[in-house]
Student: 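Take this structure, written in structure tokens, and hold onto it; I'll ask about it next.
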Amino acid sequence: MVLLDIQHLQTTFETRAGPVRAVNDVSLQVRRGETVALVGESGSGKSVTGYSVLRLLPCGQGRITGGRILFDGTDLVTLSDPAIKALRGNRISMIFQEPLSALNPVLSIGAQIVEAIRLHRPLSRSAAWSHAVDLLASVGIPAPARRVHDFPHQLSGGMRQRVVIAIALACEPDLLIADEPTTALDVTTQAQILDLLRTLQQERGMGMLLITHDLGVVADIADRAAVMYAGRVVEQGPATVLFDAPAHPYTEGLLQALSFDERPPGARLPEIPGSVPSLHEMPDGCAFAPRCAHARAGCAERPPALQPFAEPSHRVACMHPRLPSAWRGAADGALAA
């Protein structure tokens, strides 16, 4: 069952140089119990997409200018302010990038969890406090009855991230948006946080929209993935398909960089030449064309539409998509014949 259905979303920011479209015609779905990863470089629009779902855009600067965001059949774009506030932290929760910034430094972590609970649940303070201790235990914090009185600065980065997860799960949401949940964590702690999110999701049946630049995280936890570039989704499909047979040259380039550890010593670090275009000066055609080794004349004429490729669940926005590696030899032989 589809829980979140983003349809042709457009999010625009007002700047001194004029309006820029940070999210441009993005469509994706998240089903109950499913993890969908939104992948891309910094500035690709992935975090803005997540903030748009909860309508947490900077007041007076960012606004949704097109499309629909259906959550369990309700369009969040047209929802009243009181109604969207009732959903935030309740049926839809978000884990923000930097836990130290997300937590109030002058309140104990218990007080912050209790605040999140009592905002949406008719519990007494003592009952909410007891629930806060249980939540800390559920996210793997040792001695939760004691640590519930600690302040954020008394916890390690991994522990603070667990607290943020506890707050996000306080009201048992249907949808969890995780924005770079493992940023700045060491590899061991990162693996623990990912295992925790996977376990909690399976126990609670949540849908999860995972926002990340790390394809290793995608491979570890995601069921499906959508790759963003310059505000658009350029490829989406089952995570296994995107890793085994990427069709868009940009996805292929990201994966080549990911596999650098498997290259011989002294090998040159793979890179995608050029840079992401400014949102103020977007090309008329494919935004990736100036950096693409496979671009042709027609690529500069119009932006390619996201269309099915190889199978209905695999979609790519490219006029000349790359053939899966398993097919290339046969295709090349057929062309030669």
Side-chain angles (χ1 to χ4, degrees), residues 2-13 20-32 34-59 61-72 74-77 79 84-85 87-99 101-102 116 161 164-165 167-169 171 173-184 193-194 197 200-201 206-215 217-218 221-236 239 279:
V2 175
L3 181 63
L4 177 68
D5 188 4
I6 301 175
Q7 301 176 357
H8 306 290
L9 176 65
Q10 296 180 358
T11 302
T12 302
F13 283 81
V20 296
R21 191 168 291 172
V23 175
N24 193 353
D25 196 27
V26 166
S27 296
L28 61 88
Q29 295 180 336
V30 181
R31 297 175 178 84
R32 292 186 183 273
E34 178 186 48
T35 298
V36 176
L38 199 54
V39 190
E41 298 173 85
S42 297
S44 63
K46 57 188 188 299
S47 290
V48 175
T49 300
Y51 290 135
S52 297
V53 171
L54 282 172
R55 284 177 34 195
L56 288 174
L57 301 167
C59 184
Q61 296 179 353
R63 57 194 176 96
I64 297 171
T65 52
R68 302 202 299 169
I69 304 173
L70 301 180
F71 172 71
D72 212 7
T74 300
D75 190 354
L76 302 184
V77 175
L79 215 56
I84 194 70
K85 287 179 181 178
L87 280 178
R88 292 188 198 127
N90 187 12
R91 294 195 63 198
I92 308 175
S93 286
M94 189 165 188
I95 300 172
F96 296 93
Q97 285 191 31
E98 176 48 59
S101 300
Q161 191 63 289
V164 170
I165 293 172
I167 293 173
L169 300 182
C171 294
D174 297 307
L175 175 68
L176 178 65
I177 301 173
D179 188 9
E180 302 280 9
T182 57
T183 295
I193 294 298
L194 292 177
L197 288 174
L200 292 171
Q201 183 190 29
M206 296 182 299
M208 181 160 63
L209 180 61
L210 174 67
I211 299 168
T212 183
H213 67 276
D214 190 338
L215 284 170
V217 171
V218 177
I221 197 172
D223 300 301
R224 292 189 298 117
V227 180
M228 288 192 71
Y229 184 81
R232 290 181 178 269
V233 172
V234 297
E235 186 169 7
Q236 65 175 251
L279 294 179

Student: Please list, chain by chain and in numerical order, all residues satisfying side chain to side chain donor-acceptor pair (under 3.5 Å) with R88, sequence neighbours excluded.
Tutor: none

Student: Would you check if the side chain of R21 reaches a backbone N or O of T65 as a donor-acceptor pair within less than 3.5 Å?
Tutor: no

Student: Is the side chain of Q236 donor-acceptor paired with the backbone N or O of S27 at a distance under 3.5 Å, no angle test?
Tutor: yes

Student: I193 versus I165: any side-chain heavy-atom pair under 4.5 Å?
Tutor: yes

Student: Ion pair present between R31 and D223, side-chain N to carboxylate O less than 4.0 angstrom?
Tutor: no

Student: Go through the steps for T11 and Y51 under the test side-chain contact (heavy atoms from CB on, under 4.5 Å), then give the verdict.
Tutor: CA-CA 10 Å; T11 302; Y51 290 135; over 6 Å; no

Student: Treating R55 as the side-chain partner and L79 as the backbone partner, does any N or O pair qualify as donor plus acceptor under 3.5 Å?
Tutor: yes

Student: Could you give the side-chain donor-acceptor pairs of residues 38-45 under 3.5 Å, partners two or more places apart or in another chain?
Tutor:
| unit_1 | atom_1 | unit_2 | atom_2 | d |
| --- | --- | --- | --- | --- |
| E41 | OE2 | Y250 | OH | 2.8 |
| S44 | OG | E41 | O | 2.9 |

Student: Is the shortest heavy-atom distance from the side chain of L176 to the side chain of L200 under 4.5 Å?
Tutor: no

Student: Kindly say whether G67 contributes a backbone atom to a donor-acceptor pair with the side chain of Q10 at under 3.5 angstrom?
Tutor: no

Student: What residue among V36, V217, I177, D179 forms side chain to side chain contact (heavy atoms under 4.5 Å, CB included) with L210?
Tutor: V217

Student: Is the shortest heavy-atom distance from the side chain of V30 to the side chain of L175 under 4.5 Å?
Tutor: yes

Student: Can you check side-chain contact (heavy atoms from CB on, under 4.5 Å) on T35 and L197, steps first, answer last?
Tutor: CA-CA 10 Å; T35 298; L197 288 174; over 6 Å; no

Student: Are side-chain heavy atoms of I92 and L76 found at a separation under 4.5 Å?
Tutor: yes

Student: T49: what forms a side chain to side chain donor-acceptor pair (under 3.5 Å) with it, not counting sequence neighbours?
Tutor: none

